[in-house]
There are 2 protein chains.
Amino acid sequence: MDALRLDDQVCFAVHAASRALDAVYRRELAALGLTYPQYLVMLVLWERGQVSVKDLGVALRLDSGTLSPLLKRLEAAGVVRRERDPGDERSVLVRLTPEGALLRARAEPLPRRIMEASGMGPDELADLHRTLGRLTRSLTESATRA
Amino acid sequence: MDALRLDDQVCFAVHAASRALDAVYRRELAALGLTYPQYLVMLVLWERGQVSVKDLGVALRLDSGTLSPLLKRLEAAGVVRRERDPGDERSVLVRLTPEGALLRARAEPLPRRIMEASGMGPDELADLHRTLGRLTRSLTESATRA
DNA sequence: ATCAATTGAGTTGTGCACAATCGAGTTGCA
DNA sequence: TGCAACTCGATTGTGCACAACTCAATTGAT
């Protein structure tokens, strides 16, 4: 086996799977007016109600260069509000608007639909989840070490 | 378990792994002057020597909107050449330049380095590769059906 | 032989991702 | 107390990804 064959590269398999997932989410989220990364932000907000941009970045592993414009679009769409933290004026708190909170109900059926589209059972998905978690951790560590 | 919890979403695990891989490749490829998607194109060219834009799109599952500017940058970097297919003037053939062919040797050690950074054994990686392949196929099918 | 439908690249517009940088606000230490 | 170091968010610039569209070349059906 040739180490440089495209089809043998796990990296391409991950990349392709990620884009295929994105395409399925694009279709499912269109009705909610959200993109996939915007949906990820909403997941965090539906869990916590309010988060600083900093903590959002930690949760999603995104920096402010990505989050700032994304949050601006979510604010323009009327689903979140942004305001400086009175206790620390450097920090910006992001909260759900009532409209944003209402979106949650419409997002509820999504995970099941994606699971069905994946063609995999719960156990297999859980296994994949764990494996990818380990992979991401290893890669991240190796990146910070080097 | 809450279906909408970020940490329970396999989609986020895939997304995060993909970006972590991209980060590692970014570091490794910097010396070659390539980005990760450009490296994927080069993989195909190192295999086949010459490919039409159309076939590249099939191999990488990318459309011309992504490939056209990317190939333009590779051409500007001097590693590929583009010319109309004399047999079918609609088609554009992409070929390696000698400089592009030389890059292959410098890319050779990459897969091993990434494998080490992944912290996973060959069997486990092969397994992940297969699982992701099935996932991508299922998602793609479900997308075209709907 | 003609022309309508199809194919293949390219362009435009939108949005994500990251590096590098800036500036305001905060903290800590001399 | 005063100032240097640090933190946080925003901005700029580059590149990837996809949808929608344009246009030229080709194909096929009549």
Side-chain angles (χ1 to χ4, degrees), chain A residues 11-12 14-27 29-30 33-42 51-58 60-77 82-94 140 143-144, chain B residues 11-12 14-27 29-30 33-42 51-58 60-77 80 82-94 140 143:
Chain A
C11 65
F12 179 61
V14 175
H15 192 69
S18 180
R19 287 193 291 122
L21 264 171
D22 198 83
V24 174
Y25 270 102
R26 190 190 318 281
R27 180 159 53 85
L29 287 169
L34 294 175
T35 65
Y36 176 61
Q38 288 168 8
Y39 166 73
L40 293 179
V41 168
M42 295 305 282
V51 199
S52 69
V53 173
K54 161 88 169 144
D55 290 344
L56 211 43
V58 171
L60 302 177
R61 306 192 180 280
L62 292 170
D63 66 9
S64 69
T66 300
L67 286 174
S68 285
L70 190 158
L71 292 171
K72 224 182 265 184
R73 285 186 286 270
L74 284 179
E75 187 167 42
R82 290 184 303 161
E83 52 194 33
R84 291 273 158 195
D85 182 343
D88 183 344
E89 291 282 338
R90 289 172 305 180
S91 183
V92 167
L93 298 177
V94 184
T140 306
T144 48
Chain B
C11 65
F12 179 61
V14 176
H15 192 69
S18 179
R19 287 192 292 122
L21 264 170
D22 199 84
V24 173
Y25 270 101
R26 190 191 318 282
R27 179 158 56 85
L29 288 169
L34 294 175
T35 65
Y36 175 62
Q38 287 167 9
Y39 166 73
L40 293 179
V41 167
M42 296 305 284
V51 199
S52 69
V53 174
K54 161 86 169 146
D55 289 346
L56 254 184
V58 171
L60 301 176
R61 305 188 182 280
L62 291 171
D63 66 8
S64 68
T66 301
L67 287 174
S68 285
L70 189 158
L71 292 170
K72 222 182 266 183
R73 285 186 286 270
L74 283 179
E75 188 167 42
V80 308
R82 289 184 303 161
E83 52 194 33
R84 292 273 158 194
D85 183 343
D88 183 343
E89 291 281 340
R90 289 172 304 179
S91 184
V92 167
L93 297 177
V94 184
T140 306

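Just so you know, these numbers come straight off a predicted model, no measurement behind them. Chain letters run A, B, ... following the sequence lines, proteins first and then strands; every chain starts at 1.
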Options D:dA17, D:dG9, C:dT26, nucleotide nearest the side-chain atoms of B:L62:
D:dA17

Determine: side-chain N/O of B:K72 to OP1/OP2 of C:dG10, distance under 4.0 Å, yes or no.
no

Rounded to whole angstrom units, what separation is found between the CG atom of B:L70 and the P atom of C:dT11?
14 Å

Where the side chain of A:S52 meets the backbone of A:D55, is there a donor-acceptor pair that is under 3.5 Å apart?
yes

Distance-only donor-acceptor test, B:S68 side-chain atoms vs C:dA9 base atoms, 3.5 Å
no

Whole-Å gap separating C1' (C:dG25) and CZ (A:R84):
9 Å

Nucleotide D:dC18, atom C1' - distance to CG of A:L29 in whole Å
15 Å

Taking only Lys NZ, Arg NE, NH1 and NH2, and the carboxylate oxygens of Asp or Glu, determine whether B:R84 and B:E89 approach each other closer than 4.0 Å.
no

In whole angstroms, the gap separating C1' of D:dT14 from CD of B:Q38 amounts to 11 Å

From CG of B:D85 across to P of D:dT26 the rounded distance in Å is 9 Å

Given C:dG15, D:dC8, C:dG10, the nucleotide with the shortest approach to the side chain of B:V92:
C:dG10

A:R26 has a side chain; which of D:dA10, D:dA25, D:dA19 sits nearest to it?
D:dA19

Round to a whole Å and report the spacing from CG of A:L74 to C1' of D:dA10.
16 Å

Of B:P86 and A:A20, whose nearest nucleotide on DNA chain D comes first from the 5' end?
A:A20

What's the CG-P distance between B:L93 and C:dG8, to the nearest Å?
13 Å

Compare the minimum distances between each of D:dT11, C:dC18, C:dG10 and the side chain of A:S64, then state the nucleotide with the smallest one.
D:dT11

By nearest-heavy-atom nucleotide on DNA chain D, the more 5' of B:D88 and A:H15 is A:H15

For the pair made of CD in B:E83 and P in C:dG8, what is the distance, rounded to whole Å?
19 Å

Considering only D:dA17, D:dA25, C:dA24, which nucleotide approaches the side chain of A:R90 most closely?
C:dA24

Select one nucleotide: of C:dT6, D:dC18, D:dG15, the one nearest the side-chain heavy atoms of B:T66.
D:dC18

I'd like to know if the side chain of B:R19 reaches the main chain of A:R61, judged simply by a donor and an acceptor atom lying under 3.5 Å from each other, with no hydrogens or angles considered.
yes

Considering only heavy side-chain atoms of A:D63, the closest of C:dA17, D:dC8, C:dC18 is C:dC18

Side chain to side chain contact (heavy atoms under 4.5 Å, CB included) partner of A:V41, the single match among A:L60, A:L34, A:V94:
A:L60

Out of D:dG15, C:dC18, C:dA9, minimum distance to the side chain of B:R19 belongs to C:dC18

Where does the angle between the aromatic ring planes of A:H15 and B:Y36 fall among parallel (under 30°), tilted (30 to 60°) and perpendicular (over 60°)?
perpendicular

Would you mind classifying the nucleic acid contact of B:L67 as base, sugar-phosphate or nothing, using non-hydrogen atoms under 4.0 angstrom?
nothing

Among C:dG10, D:dG9, C:dT26, the nucleotide that comes nearest once only the side chain of A:S52 is considered:
D:dG9

Just to be sure I understand the rule, does B:D22 reach a base, reach only the sugar-phosphate, or reach nothing, if contact means heavy atoms closer than 4.0 Å?
nothing

Please confirm whether the shortest side-chain N or O distance from A:S91 to OP1 or OP2 of D:dG9 is below 4.0 Å.
yes

Would you indicate what B:T35 reaches in the nucleic acid, counting non-hydrogen atoms under 4.0 angstrom: base, sugar-phosphate, or nothing?
sugar-phosphate

Looking at side-chain heavy atoms only, is the closest gap between B:L71 and B:R82 below 4.5 Å?
yes

Ignoring backbone atoms, establish whether A:R82 has a side-chain N or O less than 4.0 Å from OP1 or OP2 of D:dA10.
yes

